[in-house]
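Since we're looking at a predicted model, the values are computed, not measured.
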Amino acid sequence: MDRVNRMVSERPVVIFSKSSCILSHTVKSLFNDFGVNPTVYELDEIARGREIEQALSGLGCSTMPTVFIDGELVGGANEIMSLQLKRVLKPMLIRAGALWV
């Protein structure tokens, strides 16, 4: 858990992902379309990825992707898309310093 907290506190937007997950790809593409450069950890490609996935599961994140903005857990693809549809995602990214207008 401490490792995850360290990882998400270092950058404005952090995405824990799996390289073969289409929902992860969709969320990463959305952020890239905004001009945001998130830190992405592909859990199926990094050392200790399974441990990190278990720690995320302990936080209540059982699906990929898992997105943190400004060190706070936002959720997965459903939550990100919902925030986008409500037009609150972009302001969150601006407040986090991940997006400049």
Side-chain angles (χ1 to χ4, degrees):
M1 196 78 80
D2 290 336
R3 181 178 178 153
V4 170
N5 289 333
R6 253 190 338 273
M7 294 167 87
V8 302
S9 68
E10 295 171 352
R11 305 284 283 168
V13 179
V14 176
I15 301 173
F16 293 96
S17 173
K18 288 197 175 176
S19 60
S20 61
C21 175
I22 189 65
L23 292 176
S24 294
H25 175 75
T26 301
V27 168
K28 290 182 284 189
S29 294
L30 175 65
F31 284 112
N32 288 329
D33 288 348
F34 273 135
V36 172
N37 188 22
T39 298
V40 178
Y41 295 102
E42 299 290 357
L43 298 181
D44 56 339
E45 295 179 353
I46 63 172
R48 302 181 121 183
R50 184 71 184 129
E51 285 179 35
I52 295 168
E53 190 172 356
Q54 289 174 338
L56 291 170
S57 183
L59 293 173
C61 308
S62 58
T63 62
M64 290 294 125
T66 300
V67 179
F68 288 80
I69 298 176
D70 205 18
E72 298 293 320
L73 172 63
V74 177
N78 286 342
E79 290 80 13
I80 294 298
M81 294 306 173
S82 178
L83 292 171
Q84 170 63 1
L85 291 172
K86 293 176 186 174
R87 298 182 187 268
V88 295
L89 181 59
K90 191 172 182 178
M92 283 177 74
L93 295 170
I94 292 169
R95 279 192 306 275
L99 181 65
W100 293 271
V101 179

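- Taking each heavy atom of Val36 and Ala98 in turn, the nearest pair found is CG2-O, 3.7 Å.
- With contacts defined as side-chain heavy-atom distances shorter than 4.5 Å, the pair Phe16/Val67 does not qualify.
- In this structure, Val40 is a member of the same hydrophobic cluster as Leu89, with clusters built from ILVMFWY side-chain heavy atoms closer than 4.5 Å.
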Practice task
Take Ser19 and Glu42, measure what side-chain hydrogen bond (donor to acceptor under 3.5 Å, both in side chains) needs, and give me the verdict at the end.
Solution key: CA-CA 6 Å; Ser19 60; Glu42 299 290 357; 4.9 Å; no
Problem - From CA spacing to verdict: side chain to side chain contact (heavy atoms under 4.5 Å, CB included), Val13, Thr39 - result: CA-CA 6 Å; Val13 179; Thr39 298; over 6 Å; no
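- With sequence neighbours excluded, the residues that form a side chain to side chain contact (heavy atoms under 4.5 Å, CB included) with Thr26 are Ile22, Met81.
- A salt bridge links Glu53 with Lys18: the distance from a Lys NZ or Arg NE/NH1/NH2 to an Asp or Glu carboxylate oxygen falls below 4.0 Å.
- Summarising the geometry, atom CD1 belonging to Ile15 is positioned 7.5 Å from atom CD1 belonging to Ile80; distances are rounded to the nearest 0.5 Å.
- Here the CD-OG distance, from Glu45 to Ser17, works out to 8.5 Å after rounding to the nearest 0.5 Å.
- Glu72 places no side-chain N or O within donor-acceptor distance of the main-chain N or O of Ile69, the cut-off being under 3.5 Å.
- For Lys90, the NZ atom is loosely surrounded, since the number of other residues' heavy atoms within 6.0 Å does not exceed 12.
- Leu23 is not connected to Phe68 by any chain of hydrophobic side-chain contacts under 4.5 Å among Ile, Leu, Val, Met, Phe, Trp and Tyr, and they are in different clusters.
- Atoms NE2 and CG, from His25 and Asn32 in turn, are 9.0 Å apart once rounded to the nearest 0.5 Å.
- With sequence neighbours left out, Arg95 forms a salt bridge (Lys or Arg N to Asp or Glu O under 4.0 Å) with no residue at all.
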Exercise for the section: Evaluate the criterion side chain to side chain contact (heavy atoms under 4.5 Å, CB included) for residue pair Asn78 and Thr63; output intermediate values, then yes/no. Expected result: CA-CA 10 Å; Asn78 286 342; Thr63 62; over 6 Å; no
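- Note that the CD atom of Glu10 and the CG atom of Asn5 stand 11.0 Å from one another [nearest 0.5 Å].
- By the 4.5 Å heavy-atom criterion applied to side chains, Leu43 and Arg50 are not counted as neighbours.
- Side-chain contact between Cys61 and Leu73 is present, with heavy atoms from C-beta onward closer than 4.5 Å.
- At least one side-chain heavy atom of Val14 sits less than 4.5 Å from a side-chain heavy atom of Tyr41.
- We find the NZ-CG distance between Lys28 and Asp33 to be 13.5 Å, quoted to the nearest 0.5 Å.
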